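Just so it is clear: chains get the letters A, B, ... in the order the sequence lines come, proteins before strands, and each one is counted from 1. On a predicted model such as this, the values are computed, not experimentally measured, just so you know.
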Amino acid sequence: MTDRKPKNIFVAGPIAPAFIGESIGHHASKTNIGGHSIFLGQVRADMINDQPVKAIEYSTYEAMALEKMHEIREAIFSKYALTCMHVYHSLGRVGAGEISLFVFTSSAHRKAAMDACAETVERIKSELPVWGKELFDNESYQWKENK
Amino acid sequence: MKVNIILFGQLTDITGADTVTLENILDTDNLVSTLHKSYPAFIHSKYVIAVDKKVISENTPLLNNCTVALLPPFSGG
């Protein structure tokens with residue numbers, strides 16, 4: 001077992017671009033890192049019944065989501081030679097064009113970071129109990145489906 | 001036994017609430033059939049059942065104070 005403990009990944013509202021920049025900056029002292037891989041999920045203004053999606057409101061089963069994310073993190077660390085991994089997911093309202101998911105992996109050589117990032121994103125999408133409610137201008141909504 | 005169920009996503013549209021309490025429930029099969037009688041819209045809803053945060057795939061006995069959650073398809077990210 002490792003000493004990694006379940007971390008909170010949820011942030012209220014959109015993930016600020018400045019926060020992403022600062023997160024990159026925090027790794028300057030970790031000089032064993034040779035490559036970072038970053039995935040950013042952005043809310044898309046899909047047209048549904050001639051109405052654009054204005055925002056997505058995210059909700060979660062937090063206790064289960066944090067346990068599941070811990071399990072995913074442990075599995076990814078045992079599969080890839082990562083130096084570190086950071087995951088942030090929005091809860092509440094995120095407007096079209098704003099960032100709702102930030103996955104950031106780092107390793108000595110690029111391949112581990114890139115593969116780990118891609119696999120983590122896929123596992124988050126399919127395994128984390130999070131739901132998106134797509135909101136329209138006229139107060140109507142529909143529940144998002146992941147493709 | 002009394003069971004408290006927590007609901008998420010589109011399932012909360014059916015009940016109008018994010019928790020539902022059902023009486024005289026012994027196991028998850030029993031829970032599903034009772035739910036279908038109270039809220040027929042659940043018959044056509046897609047969801048998995050988690051007992052104490054673990055998704056179950058077969059009939060599971062419910063103990064006092066356990067937490068049952070009904071989870072519609074995930075759509076995070």
Got a second to check how far A:Y61's OH is from B:L70's CG, nearest 0.5 Å?
10.0 Å
Give, as side chain, backbone, both or neither, the part of A:K144 having an atom under 4.5 angstrom from any heavy atom of chain B.
both
Exam field: side chain A:W131 to backbone B:F8, donor-acceptor pair closer than 3.5 Å
no
Given a strict heavy-atom distance threshold of 4.5 Å, which part of A:L128 is in contact with chain B: side chain, backbone, both, or neither?
backbone
Side chain from CB out, backbone as N, CA, C, O: work out which of these in A:F39 comes under 4.5 Å of a heavy atom of chain B, or both, or neither.
neither
So with a 6.0 Å cut-off around NE2 of B:H36, is the heavy-atom count from everything else above 12?
yes
Would B:Q10 and A:E145 count as a side-chain contact (heavy atoms from CB on, under 4.5 Å) here? Give the steps.
CA-CA 11 Å; B:Q10 48 270 57; A:E145 279 179 35; 5.8 Å; no
Can you establish whether the number of heavy atoms outside A:K125 located under 6.0 Å from its atom NZ is more than 12?
yes
Flag yes if A:F77 and A:I9 sit in one hydrophobic cluster, no otherwise; membership is Ile, Leu, Val, Met, Phe, Trp, Tyr, and two members link when side-chain heavy atoms are under 4.5 Å apart.
yes
Under 4.5 Å from any heavy atom of chain B - which part of A:T60:
backbone
Shared hydrophobic cluster, B:V32 / B:V51 (ILVMFWY, side-chain heavy atoms < 4.5 Å):
yes
Top residue by heavy-atom pair count (under 4.5 Å) with chain B, among A:G132, A:P129, A:S100?
A:P129
Given A:V43, A:V130, A:V94, the one with more heavy-atom pairs under 4.5 angstrom with chain B than any other is A:V130
Would you give the length of the straight line joining atom CE of A:M64 to atom OG1 of B:T67, rounded to the nearest 0.5 angstrom?
12.0 Å
Do A:F19 and A:I99 belong to the same hydrophobic cluster, where Ile, Leu, Val, Met, Phe, Trp and Tyr are linked whenever their side-chain heavy atoms lie under 4.5 Å apart, directly or via other members?
yes
How close do A:E127 and B:F74 get, counting heavy atoms only, and between which atoms?
O-CE1, 3.4 Å
Quick check on B:D52 against chain A: is it the side chain, the backbone, both or neither that has a heavy atom closer than 4.5 Å?
neither
Atom CG of B:N65: over 12 foreign heavy atoms under 6.0 Å
no
Counting heavy-atom pairs under 4.5 Å with chain A, which one of B:P73, B:G76, B:S75 comes out on top?
B:S75
Are A:M69 and A:Y88 connected, step by step, through hydrophobic side chains (Ile, Leu, Val, Met, Phe, Trp, Tyr) whose heavy atoms are closer than 4.5 Å?
no
Give a yes or no on this: more than 12 heavy atoms of other residues, nucleotides or ligands lie within 6.0 Å of atom CG of A:N49.
no
same_hphob_cluster(B:L35, B:L11) at 4.5 Å side-chain heavy-atom cutoff:
yes
